[in-house]
There are 2 protein chains.
Amino acid sequence: MNIFLNTIGAVNDATRVEILHFINTNGEVCVCDIENSFLMIQSRISRHLKILKDAGFLKVDRRGRWAYYSVRTPMDEFRQSILKEIGSLDIKIPLLNKGCKSE
Amino acid sequence: MNIFLNTIGAVNDATRVEILHFINTNGEVCVCDIENSFLMIQSRISRHLKILKDAGFLKVDRRGRWAYYSVRTPMDEFRQSILKEIGSLDIKIPLLNKGCKSE
DNA sequence: ATTACACATCAATATATCTTGATATATTAT
DNA sequence: ATAATATATCAAGATATATTGATGTGTAAT
């Protein structure tokens, strides 16, 4: 039950649904890209990414000073059905706006 | 987005997941049966049933002074996948304990 | 070693949600 | 009409969750 509620709770927030859809659409992005695209402060983004990661939707790959987030693969059927449903909604997400000052 | 969050929010609560699983297991039940099986006060049950109904998981059939709740049919693929996932969890639900004082 | 950037976490506050008891409404039997 | 049962809704307090700014950690360049 706890795992279920954790999974469900992660997508029970408009901001997280948007971020998840953004990553699912754009593929691997780093935190500063999300920060720059959504115009939200970094700590807020970071917190939401942690929740989505802990719930099994995202994975992180740290390379250098950046943390690259992407949709976790492989993914179980239930989480896939949630992703599919989110994809079918007509959610407005910002354009990818690269935010890292050096690379 | 709002419909999605409403659907998700309805199953983002242990009590509601248990009630939903209970109805999915036992078929059509009336409110006093749930009240008597779960040993919860009536207003609490009623509130949760309303949320599950408004989220598209349950339907009501009023006959006489009773309100009979059951899983809504037909049900879209996404809600079905949620029900399926809940069914796969190992959720403890009480035995059906008929509670209506007359019938 | 120092500076700059990327990211994570903490603590306080704000906001939303759940629970509960009381109260209201509706139906049926007498 | 009155009483009893079934159900719904309201308002208050309790609890959980989100947001924010500050602070901490790690990496890379100078």
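The figures that follow rest on heavy atoms only: side chains count, while hydrogens, waters and symmetry mates do not. Below, chains carry the letters A, B, ... as their sequence lines are ordered, and counting in each starts from 1.
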I need the [atom1]-[atom2] distance between [X] and [N], as an integer number of Å.
| X | N | atom1 | atom2 | result |
| --- | --- | --- | --- | --- |
| A:Ile34 | C:dC7 | CD1 | P | 9 Å |
| B:Asn12 | C:dC18 | CG | C1' | 11 Å |
| A:Glu35 | D:dG21 | CD | P | 13 Å |
| B:Arg65 | D:dA4 | CZ | P | 12 Å |
| A:Leu39 | D:dT19 | CG | C1' | 16 Å |
| B:Lys98 | D:dT5 | NZ | P | 18 Å |
| B:Ile8 | C:dT17 | CD1 | P | 14 Å |
| B:Trp66 | C:dT25 | CH2 | C1' | 17 Å |

**Message:** Reading DNA chain D from 5' onward, which residue's closest nucleotide shows up sooner: A:Thr15 or B:Arg62?
**Reply:** B:Arg62

Tell me, yes or no, whether the heavy-atom count around [X] atom [atom1], taken from other residues, nucleotides or ligands under 6.0 Å, exceeds 12.
| X | atom1 | value |
| --- | --- | --- |
| A:Glu28 | CD | yes |
| B:Arg72 | CZ | no |
| A:Glu77 | CD | no |

**Prompt:** Quick one, which residues of residues 40-58 of chain A touch DNA chain D with a heavy atom under 4.0 Å?
**Reply:**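 A:Ile41, A:Ser43, A:Arg44, A:Arg47, A:His48 - these, ordered by number, are the residues of the stretch whose heavy atoms sit under 4.0 Å from the strand.
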
**Prompt:** Does OP1 or OP2 of C:dA8 have a side-chain N or O of A:Tyr69 closer than 4.0 Å?
**Reply:** yes

**Message:** Looking at D:dA6, I'd like to know if its phosphate oxygens (OP1 or OP2) sit under 4.0 Å from a side-chain N or O belonging to B:Arg63.
**Reply:** no

**Asked** Would A:Asp61 and A:Arg63 pass as an ion pair if we require N to O under 4.0 Å?
**Response** yes

**Asked** Under 3.5 Å, is there a donor-acceptor pair between the side chain of A:Ser81 and the main chain of B:Phe78?
**Response** no

**Asked** Side-chain contact, heavy-atom cut-off 4.5 Å: A:Met40 with A:Thr15?
**Response**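 In short, these two side chains touch, coming nearer than 4.5 Å.
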
**Prompt:** Out of A:Val17, A:Ile86, A:Thr7, A:Asn12, which residue meets the side chain to side chain contact (heavy atoms under 4.5 Å, CB included) rule with B:Ile8?
**Reply:**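 Filter result, single survivor: A:Asn12.
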
**Asked** So what does A:Arg16 hit on the nucleic acid, given a heavy-atom distance under 4.0 Å: a base, only sugar-phosphate, or nothing?
**Response** sugar-phosphate

